[in-house]
J.: 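Take a look at this one; I'll ask things after.
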Amino acid sequence: QVQLVESGGGLVQAGGSLRLSCAASGRTFSRSGMGWFRQAPGEERKFVAAISCGGGSTYYADSVKGRFTISRDNAKNTVYLQMNSLKPEDTAVYYCASIITRCYPPTSREYDYWGQGTQVTVSS
């Protein structure tokens with residue numbers, strides 16, 4: 001069983017930055033692909049970014065390319081999402097997810113474990 005705990009959400013003005021963190025329990029983190037998703041009110045949960053188990057490969061949704069950066073620290077069992085140049089349309093609950101059977105994670109929602117989410121609100 002893996003537990004994922006997100007933190008770092010909050011209220012920020014458009015153009016600002018936030019850094020989300022996701023701490024994972026267990027011994028499988030360094031073998032797991034990790035992803036970030038987000039869900040706005042009334043919408044389905046959508047892919048934001050993902051990173052391979054060793055951190056060498058990253059993937060981004062077109063809507064966040066050039067503004068968001070995903071990274072991980074396997075020594076700390078933590079994955080990060082640095083969000084810059086935030087826009088009101090980035091407002092959503094952000095979820096961390098892990099897939100222990102794949103080092104290179106999918107961009108679909110085929111993950112094994114999910115966090116509880118952290119709210120990000122960007123004001124205009």
Side-chain angles (χ1 to χ4, degrees):
Q1 187 76 8
V2 173
Q3 291 187 325
L4 303 172
V5 179
E6 302 99 333
S7 61
L11 173 63
V12 64
Q13 288 189 333
S17 298
L18 282 174
R19 187 196 197 201
L20 305 184
S21 299
C22 172
S25 66
R27 305 181 194 180
T28 60
F29 183 80
S30 63
R31 304 194 303 271
S32 302
M34 299 296 295
W36 286 97
F37 288 74
R38 67 187 182 187
Q39 188 168 17
E43 297 186 11
E44 63 179 17
R45 194 170 298 186
K46 297 178 181 178
F47 171 76
V48 174
I51 188 167
S52 60
C53 61
S57 297
T58 56
Y59 315 86
Y60 297 95
D62 287 343
S63 58
V64 306
K65 272 181 188 174
R67 299 188 298 124
F68 290 12
T69 303
I70 188 171
S71 62
R72 66 189 294 160
D73 185 338
N74 285 349
K76 296 183 178 180
N77 274 23
T78 301
V79 62
Y80 305 97
L81 186 68
Q82 178 66 44
M83 306 186 295
N84 298 330
S85 302
L86 282 161
K87 305 175 182 179
E89 50 263 44
D90 294 319
T91 295
V93 177
Y94 283 71
Y95 296 91
C96 171
S98 71
I99 181 164
I100 63 175
T101 54
R102 289 178 57 174
C103 175
Y104 294 89
T107 57
S108 62
R109 286 176 288 182
E110 299 171 39
Y111 284 72
D112 301 315
Y113 299 98
W114 294 83
Q116 82 289 349
T118 185
Q119 176 71 46
V120 171
T121 303
V122 184
S123 63
S124 57

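Hydrogens, waters and symmetry mates play no part in the numbers below; they use all other heavy atoms, side chains included.
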J.: Could you give me the CA-CA distance, side-chain angles and deciding distance for E44 and K46, then say whether side chain to side chain contact (heavy atoms under 4.5 Å, CB included) is met?
T.: CA-CA 6 Å; E44 63 179 17; K46 297 178 181 178; 4.3 Å; yes

J.: Do M83 and V12 come within less than 4.5 Å of each other through their side chains, counting heavy atoms only?
T.: no

J.: Looking only at heavy atoms, which two atoms of S57 and Y104 are closest? And how far apart?
T.: OG-CE2, 3.6 Å

J.: Taking all atoms of both residues into account, what is the closest heavy-atom pair of M34 and S98, and its distance?
T.: SD-CB, 3.3 Å

J.: Counting heavy atoms not belonging to Q39, are there more than 12 under 6.0 Å from its CD?
T.: yes

J.: Mind running side chain to side chain contact (heavy atoms under 4.5 Å, CB included) on V79 and S71 for me, showing each step along the way?
T.: CA-CA 6 Å; V79 62; S71 62; over 6 Å; no

J.: Which pair of heavy atoms, one from F29 and one from D73, lies closest together, and at what distance?
T.: CE2-O, 3.9 Å

J.: Are any side-chain N or O atoms of R72 and backbone N or O atoms of G54, one a donor and one an acceptor, separated by less than 3.5 Å?
T.: no

J.: With F37, which residues qualify under ring pair (Phe, Tyr, Trp, His ring centres under 6.0 Å), at least two apart?
T.: F47, Y111, W114

J.: Determine whether the side chains of S17 and N84 contain a donor N or O and an acceptor N or O closer than 3.5 Å.
T.: yes

J.: Find out if a path of hydrophobic residues (ILVMFWY) with successive side-chain heavy-atom gaps under 4.5 Å connects I51 to W36.
T.: yes

J.: Got a sec, which residues hit side chain to side chain donor-acceptor pair (under 3.5 Å) with E89, two or more places apart in sequence or on another chain?
T.: none

J.: Identify whether the distance between the nearest side-chain nitrogen and carboxylate oxygen of K87 and D90 falls below 4.0 Å.
T.: no

J.: Take V120 and L18, measure what side chain to side chain contact (heavy atoms under 4.5 Å, CB included) needs, and give me the verdict at the end.
T.: CA-CA 9 Å; V120 171; L18 282 174; 3.9 Å; yes

J.: Which pairs pass ring pair (Phe, Tyr, Trp, His ring centres under 6.0 Å) with one or both residues in residues 58-81, sequence neighbours excluded?
T.: none

J.: Determine whether V2 and T28 satisfy the following criterion, side chain to side chain contact (heavy atoms under 4.5 Å, CB included), listing intermediate values before the conclusion.
T.: CA-CA 8 Å; V2 173; T28 60; 3.6 Å; yes

J.: Would you say N77's side chain and C22's backbone share a donor-acceptor pair under 3.5 angstrom?
T.: no

J.: Sub-3.5 Å donor-acceptor pair from the side chain of R67 to the main-chain atoms of S85, do we have one?
T.: yes

J.: Side chain of T121, backbone of L11: donor and acceptor closer than 3.5 Å?
T.: no

